[in-house]
Novice: 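One structure coming up, written as structure tokens, with questions to follow.
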Amino acid sequence: MLWSQLTDLPFSLYSTFVIEARHGFNKQTIWLFFRDMIKGMILAIVLGPPIVSAIIIIVQKGGPYLAIYLWAFMFVLSLVMMTLYPVLIAPLFNKFTPLPEGELREKIEKLASSLKFPLKKLFVVDGSTRSSHSNAYMYGFFKNKRIVLYDTLIQQCKNDEEIVAVIAHELGHWKLNHTMYSFIAVQVLTLLQFGGYTLVRNSTDLFRSFGFDTQPVLIGLIIFQHTVIPIQHLVSFGLNLVSRSFEFQADAFAKKLGYASALRAGLVKLQEENLSAMNTDPWYSAYHYSHPPLVERLAAIDEPDKKEK
């Protein structure tokens, strides 16, 4: 991992300080760039070896239930990381401050309350210190939910209703259980992957066909990764189709709450600010994009109104 970061460094520098800067997105200094990189490397050094060691031990001692043990370990690890990342890791890179009291906060809290969303904290993150790209997201388990707004989102959407409409879209994902469905799908796919790896791991003929008389753990992993590449492309395509469907459903949810025009205006503004492609080839976007192009989303938002008329 550390070696890949070093080899990718020239490309990362060019992408950040040439391509992103050329289009007006990059806001970070060279010092901030390297500070983030060093922090990431330290985290990799601290967290990587114990995790890799645990995986190797499980593979060596897993026996016939290897896939289940690996999946259980990764399941627990994912829950731990989802809990610790926003609280301990994310603040190492960004500053999170409570959204100031005011009309915007009141509207978001009122929306969350109307949907019975257990909102505990509402933050603004200083995304503008690194990029002018904007976003909003939520996290947390059970009754401890939090919403995070990028300061760039607040700056770009001058109208509070547009920001609230974006939040309504995100809350639609929660209300429609999209996050839970996605998490379950990932867990099922992870279990299937580990099951496939177990088959590769236990195949002496496969190792011999690659010139190995023994069955090293890492070599088995490399062989498996190359074996499943075609399947991964199909799975990725399927996940994108599901994700795009979820986006349309979340847009429709926000529209039912009365935010159709505000969501429409907000999507257009964010698309313009982020210089995203608005009308890509449908086949290309279906395979490569997890979100539908803007033109398709706007058409879906407008279509029910046309039917009513």
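These figures come from a predicted structure and were not determined experimentally. Starting from 1, each residue takes its place in the sequence as its number.
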Novice: Can you check side-chain contact (heavy atoms from CB on, under 4.5 Å) on Leu257 and Leu115, steps first, answer last?
Specialist: CA-CA 10 Å; Leu257 294 178; Leu115 298 174; 4.2 Å; yes
Novice: Could you walk me through whether Glu106 and Lys110 satisfy the salt bridge (charged side-chain N to carboxylate O under 4.0 Å, His left out) test, starting with their C-alpha distance in whole Å, then the side-chain angles of each, then the deciding distance to 0.1 Å, before giving a yes or no?
Specialist: CA-CA 6 Å; Glu106 291 176 0; Lys110 182 179 179 181; over 6 Å; no
Novice: Under a 3.5 Å distance rule, please check whether Thr198 uses its side chain to pair with a backbone N or O of Phe194 as donor and acceptor.
Specialist: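 Here the side-chain-to-backbone pair exists.
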Novice: Measuring from atom CD1 of Ile58 to atom CG of Leu66, what distance do you get when rounded to the nearest 0.5 angstrom?
Specialist: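 Nearest 0.5 Å value for the CD1-CG distance: 8.5 Å.
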Novice: Using a 4.5 Å cut-off on heavy atoms from C-beta on, say whether the side chain of Leu70 contacts that of Leu191.
Specialist: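 No, every pair of side-chain atoms sits at 4.5 Å or beyond.
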Novice: Which heavy atom of Gly220 sits nearest to which heavy atom of Phe207, and what is that distance?
Specialist: CA-CZ, 3.4 Å
Novice: Can you check whether Met180 reaches Trp174 side chain to side chain, under 4.5 Å on heavy atoms?
Specialist: no
Novice: Do the side chains of Leu153 and Leu270 get nearer than 4.5 Å, heavy atoms only?
Specialist: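 A side-chain contact exists here, since the closest heavy-atom pair is under 4.5 Å.
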Novice: If you compare all heavy atoms of His288 against all heavy atoms of Asn240, which two are closest, and at what distance to 0.1 Å?
Specialist: C-ND2, 3.8 Å
Novice: Please tell me if the side chains of Leu149 and Val125 come closer than 4.5 Å, counting only heavy atoms from C-beta onward.
Specialist: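 Answer no - side chains too far apart.
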Novice: With a 4.5 Å limit on heavy-atom distance, are the side chains of Ile147 and Leu99 in contact?
Specialist: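 They are not in side-chain contact.
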Novice: Do any side-chain atoms of residues 241-251 form donor-acceptor pairs under 3.5 angstrom with protein atoms, and if so which ones, sequence neighbours left out?
Specialist:
{"unit_1": "Ser243", "atom_1": "OG", "unit_2": "Ser290", "atom_2": "O", "d": "2.8"}
{"unit_1": "Arg244", "atom_1": "NH1", "unit_2": "Ser285", "atom_2": "O", "d": "3.1"}
{"unit_1": "Arg244", "atom_1": "NH2", "unit_2": "Glu296", "atom_2": "OE1", "d": "3.4"}
{"unit_1": "Ser245", "atom_1": "OG", "unit_2": "Gln249", "atom_2": "NE2", "d": "3.2"}
{"unit_1": "Glu247", "atom_1": "OE1", "unit_2": "His169", "atom_2": "NE2", "d": "2.9"}
{"unit_1": "Glu247", "atom_1": "OE2", "unit_2": "His173", "atom_2": "NE2", "d": "3.2"}
{"unit_1": "Glu247", "atom_1": "OE2", "unit_2": "His291", "atom_2": "NE2", "d": "3.3"}
{"unit_1": "Gln249", "atom_1": "OE1", "unit_2": "His178", "atom_2": "NE2", "d": "2.9"}
{"unit_1": "Asp251", "atom_1": "OD1", "unit_2": "His169", "atom_2": "ND1", "d": "2.7"}
{"unit_1": "Asp251", "atom_1": "OD1", "unit_2": "Arg297", "atom_2": "NH2", "d": "2.9"}
{"unit_1": "Asp251", "atom_1": "OD2", "unit_2": "Arg297", "atom_2": "NE", "d": "2.8"}
{"unit_1": "Asp251", "atom_1": "OD2", "unit_2": "Arg297", "atom_2": "NH2", "d": "3.3"}

Novice: Using every non-hydrogen atom in the two residues, find where Phe123 and Pro98 come nearest and quote the distance to one decimal.
Specialist: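 Taking every non-hydrogen atom into account, CD2-N, 3.9 Å.
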Novice: Applying a strict under-4.5 Å side-chain criterion to I, L, V, M, F, W and Y, I'd like to know whether Ile51 and Met81 cluster together.
Specialist: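 Yes; Met81 is reachable from Ile51 via cluster members.
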Novice: Could you check if a side-chain atom of Tyr181 sits within less than 4.5 angstrom of a side-chain atom of Leu176, using non-hydrogen atoms only?
Specialist: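 A side-chain contact under 4.5 Å is absent here.
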Novice: Under 4.5 Å between any side-chain heavy atoms of Met37 and Leu9, yes or no?
Specialist: yes
Novice: Do Leu221 and Gln225 have side-chain heavy atoms sitting under 4.5 Å apart?
Specialist: yes
Novice: Could you pull out the closest heavy-atom pair between Phe33 and Leu13, with the gap in Å?
Specialist: CE2-CD2, 3.3 Å
Novice: Looking at every heavy atom in both Leu263 and Ala165, which two are closest together, and how far apart are they?
Specialist: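 So the two residues come closest at N-CB, 3.5 Å.
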Novice: Spell out, as yes or no, whether a donor-acceptor pair under 3.5 Å connects the side chain of Ser236 to the backbone of His233.
Specialist: no
Novice: Are Ile167 and Lys107 close enough, and set up right, to give a side-chain contact (heavy atoms from CB on, under 4.5 Å), and what steps lead you there?
Specialist: CA-CA 10 Å; Ile167 299 300; Lys107 288 181 178 180; over 6 Å; no
Novice: Specify the closest pair of heavy atoms between Phe96 and Tyr137, including all atoms of both residues, with the distance to one decimal.
Specialist: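 In terms of heavy atoms, the two residues are closest at CE2-OH, 3.5 Å.
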Novice: Does one hydrophobic cluster hold both Trp31 and Ile38, with members joined at side-chain heavy-atom distances below 4.5 Å?
Specialist: no
Novice: In Å, rounded to the nearest 0.5 Å, how long is the span from CG of Leu171 to CG of Leu119?
Specialist: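 With rounding to 0.5 Å, CG (Leu171) is 8.5 Å from CG (Leu119).
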Novice: Please answer whether the main-chain N or O of Tyr284 pairs with a side-chain N or O of Asp281 as donor and acceptor at a distance below 3.5 Å.
Specialist: yes
Novice: Could you note down all residue pairs passing salt bridge (Lys or Arg N to Asp or Glu O under 4.0 Å) where residues 28-51 supplies at least one of them, sequence neighbours left out?
Specialist: Asp36-Arg130
Novice: Please enumerate all residues that pass salt bridge (charged side-chain N to carboxylate O under 4.0 Å, His left out) together with Glu170, with sequence neighbours excluded.
Specialist: none
Novice: Do Val166 and Phe117 share a hydrophobic cluster, counting only Ile, Leu, Val, Met, Phe, Trp and Tyr and linking them when any side-chain heavy atoms are less than 4.5 Å apart?
Specialist: yes
Novice: Quick one: CG on Asp160 to CD1 on Ile154, what's the gap to the nearest 0.5 Å?
Specialist: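 One gets 8.5 Å once the value is rounded to the nearest 0.5 Å.
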Novice: Is it true that a side-chain atom of Lys145 and a backbone atom of Tyr139 form a donor plus acceptor pair closer than 3.5 Å?
Specialist: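 Side chain of Lys145 to backbone of Tyr139, a donor-acceptor pair under 3.5 Å: no, none is there.
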Novice: Side-chain heavy atoms under 4.5 angstrom apart, residues restricted to Ile, Leu, Val, Met, Phe, Trp, Tyr: same cluster for Val87 and Leu84?
Specialist: yes
Novice: Which value, rounded to the nearest 0.5 Å, describes the distance between Arg201 atom CZ and Ile219 atom CD1?
Specialist: 11.5 Å
Novice: Sequence neighbours left out, what pairs pass side-chain hydrogen bond (donor to acceptor under 3.5 Å, both in side chains) with at least one residue falling in residues 56-75?
Specialist: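 Listed once each, the pairs are Trp71-Gln187.
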Novice: Which residue pairs pass the side-chain hydrogen bond (donor to acceptor under 3.5 Å, both in side chains) test when at least one of the two sits in residues 74-96, sequence neighbours left out?
Specialist: Asn94-Asp126
Novice: Within the side chain of Arg146, is there an N or O that forms a donor-acceptor pair under 3.5 Å with the backbone of Lys121?
Specialist: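 Not confirmed, Arg146 side chain does not pair with Lys121 backbone.
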Novice: Got a donor-acceptor contact below 3.5 angstrom from the Ser203 side chain to the Leu199 backbone?
Specialist: no
Novice: Is there a continuous path of hydrophobic side-chain contacts, each under 4.5 Å between heavy atoms, that joins Leu79 to Leu77?
Specialist: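 They do share one cluster, since a chain of ILVMFWY contacts under 4.5 Å joins Leu79 to Leu77.
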Novice: Any donor and acceptor pair, going by atom type alone, linking the side chain of Ser53 with main-chain N or O of Pro49 inside 3.5 Å?
Specialist: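 Judged by distance alone, yes, a pair lies under 3.5 Å.
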Novice: With side-chain contact (heavy atoms from CB on, under 4.5 Å) as the test, would you mind laying out the steps for Leu192 and Tyr197 before giving the verdict?
Specialist: CA-CA 9 Å; Leu192 291 176; Tyr197 172 72; over 6 Å; no
Novice: Measure the CD1-CG distance between Ile163 and Leu104 for me, rounded to the nearest 0.5 Å.
Specialist: 5.0 Å
Novice: Going by the rule side chain to side chain contact (heavy atoms under 4.5 Å, CB included), which residues pair with Val52 if we only count those two or more places apart in sequence or in a different chain?
Specialist: Ile56
Novice: Please indicate whether Met82 has more than 12 foreign heavy atoms, meaning atoms of other residues, nucleotides or ligands, lying under 6.0 Å from its CE.
Specialist: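 Buried by this count: over 12 neighbours within 6.0 Å.
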Novice: Quick one: pull up CZ in Phe73 and CD1 in Ile55 and give me the separation to the nearest 0.5 Å.
Specialist: 5.5 Å
